[in-house]
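The structure appears right after this line, and notes come after that.
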Amino acid sequence: QVQLVESGGGLVQAGGSLRLSCAASGNIFSINAMGWYRQAPGKQLELVAGNTSSSRRNYAESVKGRFTLSRDNAVNTVYLQMNSLKPEDTDVYYCNAHLVLTMGGVQASYWGQGTQVTVSA
């Protein structure tokens, strides 16, 4: 069984910082990509930051220069450092991981349970 465990959400004032963590555990052979999405009530899921095995990072335009994605392959964990937070960053943030489960190349995608980020004005 594979699990993604998220942590680090919370309430912060505008201009503040938070760091989200997402740790993947279980029978994992390797990681193709890990990233963060967010979704506000009534809105579509939005990619915030993504990271592929080639270390290429993609960021939503609205977070470029403020958010930084990093990954520690030794502990199968991805981090999202969020600085200069704005009220419009308020959302539930979800971790997503594309994993290779076996040496034969079986792959699957997993989602974390979501962590609330609330930025007050």
Side-chain angles (χ1 to χ4, degrees):
Q1 291 287 350
V2 173
Q3 276 191 316
L4 299 184
V5 178
E6 302 162 348
S7 61
L11 173 64
V12 65
Q13 287 188 331
S17 298
L18 285 174
R19 189 194 194 204
L20 305 183
S21 300
C22 173
S25 62
N27 294 323
I28 301 169
F29 181 74
S30 65
I31 298 174
N32 277 342
M34 292 186 80
W36 291 92
Y37 289 74
R38 65 186 180 187
Q39 186 173 34
K43 293 188 177 181
Q44 286 188 328
L45 199 62
E46 173 192 29
L47 173 66
V48 179
N51 176 286
T52 68
S53 59
S54 64
S55 299
R56 178 181 176 182
R57 291 170 175 79
N58 298 311
Y59 294 95
E61 284 296 325
S62 59
V63 308
K64 283 182 179 178
R66 300 188 298 122
F67 291 10
T68 302
L69 184 74
S70 60
R71 199 167 97 185
D72 187 340
N73 290 328
V75 290
N76 292 337
T77 299
V78 66
Y79 305 96
L80 185 67
Q81 178 66 44
M82 305 186 295
N83 298 329
S84 302
L85 282 161
K86 304 176 181 180
E88 51 263 43
D89 294 318
T90 296
D91 269 324
V92 179
Y93 285 68
Y94 296 92
C95 175
N96 175 255
H98 293 275
L99 306 175
V100 179
L101 303 180
T102 68
M103 192 178 295
V106 174
Q107 300 180 33
S109 180
Y110 294 87
W111 291 90
Q113 78 279 8
T115 185
Q116 177 70 46
V117 171
T118 302
V119 184
S120 63

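Positions are given from 1, in the same order as the sequence printed here. Atoms considered below: every heavy atom in the structure, side chains included; atoms not considered: hydrogens, waters and symmetry mates.
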For this session: In sequence, state the C-alpha distance, the side-chain angles, and the governing distance for His98 and Gln107, and then conclude on side chain to side chain contact (heavy atoms under 4.5 Å, CB included).
Result: CA-CA 7 Å; His98 293 275; Gln107 300 180 33; 5.7 Å; no
Problem set entry | Asp72 (side chain) donor-acceptor with Ala74 (main chain) under 3.5 angstrom | yes
Exercise. Hey, is the main chain of Thr90 close enough, under 3.5 Å, to the side chain of Thr118 for a donor-acceptor pair?
Worked result: no
Exercise. Side-chain contact, heavy-atom cut-off 4.5 Å: Met82 with Val12?
Worked result: no
Exercise. Applying the 4.5 Å side-chain criterion to the ILVMFWY set and letting contacts propagate, would Tyr79 and Val48 be lumped into a single cluster?
Worked result: no
Problem set entry | Short side-chain to backbone donor-acceptor contact, Tyr37 and Trp111, under 3.5 Å | no
For this session: Would you indicate whether the side-chain heavy atoms of Ser62 and Glu46 approach each other to under 4.5 Å?
Result: yes
Seminar exercise, completed: Residues Val75 and Thr77: closest non-hydrogen pair is O-OG1, 2.9 Å
Seminar exercise, completed: One should read off an interatomic distance between Gln116 CD and Glu6 CD, to the nearest 0.5 angstrom, of 11.5 Å
Exercise. Is the backbone of Ala40 close enough, under 3.5 Å, to the side chain of Asp91 for a donor and an acceptor to pair up by distance?
Worked result: yes
For this session: Taking the side chain as every heavy atom from C-beta outward, state whether Leu101 and Asn27 have any atom pair closer than 4.5 Å.
Result: no
Exercise. Is there a donor-acceptor contact under 3.5 Å linking the side chains of Asn76 and Ser25?
Worked result: no
For this session: Give, for atom CZ of Phe67 and atom CZ of Arg57, the distance between the pair rounded to the nearest 0.5 Å.
Result: 15.5 Å
For this session: Run through Leu80, Leu45, Val63 and flag the one making a side chain to side chain contact (heavy atoms under 4.5 Å, CB included) with Arg38.
Result: Val63
Exercise. Looking at OH of Tyr93 and CG of Leu20, how far apart are the two atoms once the value is rounded to the nearest 0.5 Å?
Worked result: 7.5 Å
Exercise. More than 12 heavy atoms of other residues, nucleotides or ligands under 6.0 Å from CD of Gln44: is that the case?
Worked result: no
Exercise. Taking atom OH of Tyr59 and atom OG1 of Thr68, what is their separation to the nearest 0.5 Å?
Worked result: 5.0 Å
